[in-house]
Amino acid sequence: MSVKITFPDGAQKEFNSGITALEIANQLSNSLAKKVLAVEVNGEVMDATLPIEKDATVKLLTWNDTEGKSTFWHSSAHLMAEAIESLYKGIKFGIGPPIEHGFYYDIDTGDTTLTLSDLEKIEKKMLELANKKNEYKRKPISKEEAISYFKDKGDEYKLELLEGLEDGSITFYTQGEFTDLCRGPHIPHTGHIKAIKLMKLAGAYWRGDEKRKQLTRIYGVTFPNQLELDEYLKMLEEAEKRDHRKLGQQLEIYTFDDEVGPGLPLWLPNGGFLIEKLEELAKKEEEEAGYLRVRTPHIAKEALYIRSGHIPYYKESMFPPMELDNVKYYLKAMNCPHHHKIFAAMPKSYKDLPIRLAEYGMCYRYEDSGSLFGLMRVRSLTINDAHIYCTKEQFASEFRAVNAMYLKYFKIFGIDKFKMRFSKHEPSKLGQKYMNEPELWIETENMVRDVLVSSGIPFDEVADEAAFYGPKIDIQIYSAIGREFTLATNQVDFAQGKRFNLKYANKDNQEEYPIIIHRAPLSTHERFIGFLLEHYAGNFPLWLAPKQIAVLPISDKFIPYSETVVKALKEKGFRVKIDERAEKIGKKIRDAEMMKIPYMTIIGEKEEQNKQISVRKHGKGDIGALTIEDFAVLLQEESVY
RNA sequence: GCCGAUGUAGCUCAGUGGUAGAGCACUUCCUUGGUAAGGAAGAGGUCGCGGGUUCAAUUCCCUUCAUCGGCUCCA
């Protein structure tokens, strides 16, 4: 009996039935066989050591394939578990999956507490075990046997996992002395794992449920050679330099102060400038798109938030109330209720719609102390907010226009790596997390999907991520250190119109509730500026840079001429800073480079005589001498977004 | 909020059971130097806050606050 194997390049070859992928690789080339980690058979990833008994399309997976890597890391998690089990007594194991970069294993360490020095010990043990080139052996097992194995071992976590598995589909994998409940697949043997780094020790709730026991999670990453590990660690170091918290301090953008409070950023002058610039952009674009600007107070009475639903649905994220004359006042966590009251201030006709109310509104949210993260997650935030009140007929075009505005901004800022996420409700949570309006949910979700599909914007659909009042679109971005954030949102609200009794008279003079769109394409100042810092690595484009040009006199003899240069550049609208310190030019250049000022002009005798300036571009170096006029022309294009 | 780690000068970090140091930044002086760090002197810290142990605590222990790495949650 033979089987016909089709390779990715279309080539076909006959082999004896029952041949394994590893044996196929061996026949093709010895060096290839050494690299094979797993195999994809008819689209399914499996062990390279399993027999192939039917004709199949086969792709050998190596380190260069995503699935090869994740198999490698999954096997590394098992190796780590083996090392831990051999070093410590009474450890119970939760789950140990591969992740984007590496793997983790959640373990219950019982009475022992692991510290960072334990990680080194475990690393060493892992290398020792890897060296043994132990095979990962797969063994199908009955549910009954599996249960008795883990009962004997006393691992209630594995027993709980087994509860969810069907008899007949259960497999064990064993390498060396360690056996784990696992679907697989795994790499052929531990010898492939050559470089190991256990990254961090963390707590993680069993099955992600904060009401259940917190296990110890160990994150690690492994590679088939030391060089790649070194490169990876180097890359992490580089990413750290882009961390907005580091750049924010270095470039004097923002700060925190213990006496002000956690999550309450103070914007330094450079940060204040960025905010002004962003608002300028937003106000211009919103004015052109027919938005009307409003202003609202930072607090409101409890009654407003009972009506809006924030007290029942969102209270734990609000700062506690202050009480005056037996009335509770809350700091606003959102601008919407205030905007709704503006809509309600005067009677409306269908002829007034759509109404688009915009405000850079400052809000306060009591986020968990443990979740605060630089500018990305704060407790005081200023939202690029607006609410659009429209009829059902107007919804599609309004929603489309909002999406177009998003894309326009992304183009301005050169944001091309983002994900659009269409967040829907979860029917089983109606009345708890979500307003109990099943038909309206379906209807609005369909409207949103139609707009997305017809605009050709790629998106993922996710259940159980909606706001309590309606479905939404989130734009996901990644911080320099790989953490995922929602940058901007575009939400539909079918509920608040009714709750706030917002009405308009239609053509037949009947009262109707508007649909409301909540949108914030430029996110909050906090998160957007945090994101921009990392996105540009601190090198803001000229139009946005708080300081655009550093004027650097070579010695104080040239300060008078430098001052005329400063004056001339300022008159042309540039943001200029002069460095009059009695330092050498090399030092002044270094400092300006470190502050990432886009342009420097070096001014000495030559320049004064020729009525010119020597220009140096940040990160590029000397670009020669120019007149101020020519320099201004050169910068013209960069000066606007 | 939970698990773990950390907290010393504006910043980056040493260090010690006998009341503290370096580099950079800052101030002053010297230097007037042509594309990423010139020299010297000086100033600056109740060693996060509070409590305990001790003859003595920045150091050891506890509490608390903040930050960091995760979890949960979220713009």
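Below, each value reflects all heavy atoms present in this structure, side chains not excepted, and no hydrogens, waters or symmetry copies. Just so we're on the same page: letters track the sequence lines, and every chain starts at 1.
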Quiz item: Any donor-acceptor pair under 3.5 Å between the side chain of A/E367 and the base of B/A75?
Solution: yes
Exercise. State which of B/G34, B/C71, B/G69 makes the closest approach to the side chain of A/S614.
Key: B/G34
Quiz item: When rounded to the nearest Å, what value does the distance between P atoms of B/U16 and B/U54 take?
Solution: 24 Å
Quiz item: Which is true for A/F256 with a 4.0 Å heavy-atom rule: it touches a base, it touches only sugar-phosphate, or it touches nothing?
Solution: nothing
Practice problem: Hey, which sits more toward the 5' end of RNA chain B by its nearest nucleotide, A/L114 or A/T486? | Solution: A/L114
Self-check item: Heavy-atom donor-acceptor pair, A/Q214 side-chain to B/C2 base, under 3.5 Å
Solution: yes
Quiz prompt | Any-strand Watson-Crick or G-U partner of B/G7, both distances under 3.5 Å | solution = B/C65
Self-check item: Gap in Å between the two C1' atoms, one belonging to B/U67 and one to B/G21, rounded
Solution: 24 Å
Practice problem: Write down the distance separating the P atoms in B/A41 and B/C49, rounded off to the nearest Å. | Solution: 32 Å
Quiz item: Looking across every strand, which nucleic acid part, if any, lies under 4.0 Å from A/K588 by heavy atom: base, sugar-phosphate, or nothing?
Solution: nothing
Quiz prompt | Distance-only donor-acceptor check, side chains A/D464 and A/H425, under 3.5 Å | solution = no
Exercise. Report the distance from atom CH2 of A/W441 to atom OH of A/Y469, rounding to the nearest 0.5 Å.
Key: 9.5 Å
Quiz item: With sugar-phosphate meaning primed atoms plus P, OP1 and OP2, does A/K472 contact a base, only sugar-phosphate, or nothing at under 4.0 Å between heavy atoms?
Solution: sugar-phosphate
Practice problem: Grab the CE-C1' distance between A/M334 and B/A75 for me, whole Å please. | Solution: 8 Å
Self-check item: Nearest-Å distance once atom C1' is located in both B/U59 and B/G15
Solution: 10 Å
Practice problem: May I ask you to check if A/R217 and A/Y104 form a cation-pi contact, with NZ or CZ under 6.0 angstrom from the six-membered ring centre and within 45° of the axis? | Solution: yes
Quiz item: Just checking, any donor-acceptor pair under 3.5 angstrom between side chains of A/E638 and A/Y599?
Solution: yes
Self-check item: Base partner of B/C49, which must satisfy Watson-Crick or wobble distances under 3.5 Å
Solution: none
Quiz item: Closer than 4.0 Å, any side-chain N/O of A/Y314 to the OP1 or OP2 of B/A75?
Solution: no
Quiz item: Across the strands shown, which category fits A/R616 at heavy-atom distances under 4.0 angstrom: base, sugar-phosphate, nothing?
Solution: base
Practice problem: Counting heavy atoms from C-beta on, name the nucleotide in B/U32, B/G69, B/G70 closest to the side chain of A/R217. | Solution: B/G70
Quiz prompt | Any donor-acceptor N/O pair under 3.5 Å between B/G1 base and A/Y205 side chain | solution = yes
Quiz item: Which is true for A/G621 with a 4.0 Å heavy-atom rule: it touches a base, it touches only sugar-phosphate, or it touches nothing?
Solution: nothing
Exercise. Specify the residue among A/R379 and A/P262 whose closest nucleotide of RNA chain B lies further upstream toward the 5′ end.
Key: A/R379
Quiz prompt | Any A/S369 side-chain nitrogen or oxygen under 4.0 Å from OP1 or OP2 of B/G1 | solution = yes
Practice problem: State, with a plain yes or no, whether a side-chain heavy atom of A/I589 is found less than 4.5 Å away from one of A/M600. | Solution: yes
Self-check item: Separation of B/C65 P from A/L372 CG (nearest whole Å)
Solution: 14 Å
Quiz item: How is A/D622 classified with respect to the nucleic acid when contacts are heavy atoms under 4.0 Å: base, sugar-phosphate, or nothing?
Solution: base
Practice problem: Write down the distance separating the C1' atoms in B/A25 and B/C68, rounded off to the nearest Å. | Solution: 24 Å
Quiz item: Under 3.5 Å, is there a donor-acceptor pair between the A/D385 and A/Y360 side chains?
Solution: no
Practice problem: Just call it for A/T216: base, sugar-phosphate, or nothing, with non-hydrogen atoms closer than 4.0 Å on any strand. | Solution: nothing
Exercise. Remember a base hit wins even if backbone is also touched, and classify A/I602 as base, sugar-phosphate or nothing at under 4.0 Å, heavy atoms.
Key: base
Quiz item: If you look at every strand shown and take non-hydrogen atoms under 4.0 Å, does A/A202 touch a base, only sugar-phosphate, or nothing?
Solution: base
Quiz item: Is there a donor and acceptor pair closer than 3.5 Å between the side chain of A/R377 and the base of B/C73?
Solution: yes
Quiz prompt | From B/C26, B/U32, B/A75, nucleotide with atom closest to A/R581 side chain | solution = B/C26
Exercise. Could you work out the separation of B/C61 and B/G4 based on their P atoms and round it to a whole Å?
Key: 16 Å
Exercise. Report which part of the nucleic acid A/L487 touches: base, sugar-phosphate, or nothing (heavy-atom distance under 4.0 Å, all strands).
Key: sugar-phosphate
Self-check item: Nucleotide forming a Watson-Crick or wobble pair with B/C2, both distances under 3.5 Å
Solution: B/G70
Quiz item: What nucleic acid atoms does A/E605 come within less than 4.0 Å of, heavy atoms only: base, sugar-phosphate, or nothing?
Solution: base
Self-check item: No-hydrogen, no-angle side-chain donor-acceptor test under 3.5 Å, A/H525 and A/E279
Solution: yes
Quiz item: With ring centroids as reference points, do A/W267 and A/F273 lie under 6.0 angstrom apart?
Solution: no
Practice problem: Under 4.0 Å between any heavy atoms, over every strand shown, what does A/T489 touch: base, sugar-phosphate, or nothing? Just pick one. | Solution: sugar-phosphate
Quiz prompt | Interatomic distance where CZ belongs to A/F558 and P belongs to B/G34 [whole Å] | solution = 9 Å
Quiz item: If we call it a pair only when both distances are under 3.5 Å in a Watson-Crick or G-U wobble match, what pairs with B/A41?
Solution: B/U27
Quiz item: Any idea which of B/A75, B/G69, B/U35 is nearest the A/I589 side chain?
Solution: B/U35
Quiz item: Which listed nucleotide (B/C11, B/A75, B/G1) is nearest to the side chain of A/Q249?
Solution: B/C11
Exercise. Output the single nucleotide from B/A75, B/U35, B/U72 whose closest atom is nearest the side chain of A/L381.
Key: B/A75
Self-check item: Side-chain N or O of A/R245 closer than 4.0 Å to phosphate OP1/OP2 of B/G69
Solution: yes
Exercise. Could you check which nucleotide pairs with B/U16 in any of the strands shown, counting Watson-Crick or G-U wobble with both distances under 3.5 Å?
Key: none
Self-check item: Pairwise P distance for B/C47 and B/A9, with rounding to whole Å
Solution: 10 Å
Quiz item: Has the side chain of A/E607 got a donor or acceptor that lies under 3.5 Å from a partner of the other kind on the base of B/G34?
Solution: yes
Quiz item: Hey, does A/A582 reach any base, or is it just sugar-phosphate, or nothing, if we go heavy atoms under 4.0 Å?
Solution: base
Quiz item: Quick one: is B/G38 close enough that its OP1 or OP2 comes under 4.0 Å of any side-chain N or O from A/K584?
Solution: no
Exercise. Have a look at A/E465 and tell me which of A/R421, A/K424, A/K429 forms a salt bridge (charged side-chain N to carboxylate O under 4.0 Å, His left out) with it.
Key: A/R421
Quiz item: Looking only at side chains, do A/T296 and A/K332 share a donor and an acceptor under 3.5 Å apart?
Solution: yes
Practice problem: Please measure how far the P atom in B/U6 lies from the corresponding atom in B/U63, and state the result in whole Å. | Solution: 15 Å
Exercise. Kindly point out which of B/A75, B/G70, B/U32 is positioned nearest to the side chain of A/Q491?
Key: B/A75
Quiz item: Hey, does the side chain of A/K587 come within less than 4.0 Å of B/U35's phosphate (OP1/OP2), counting only N and O?
Solution: no
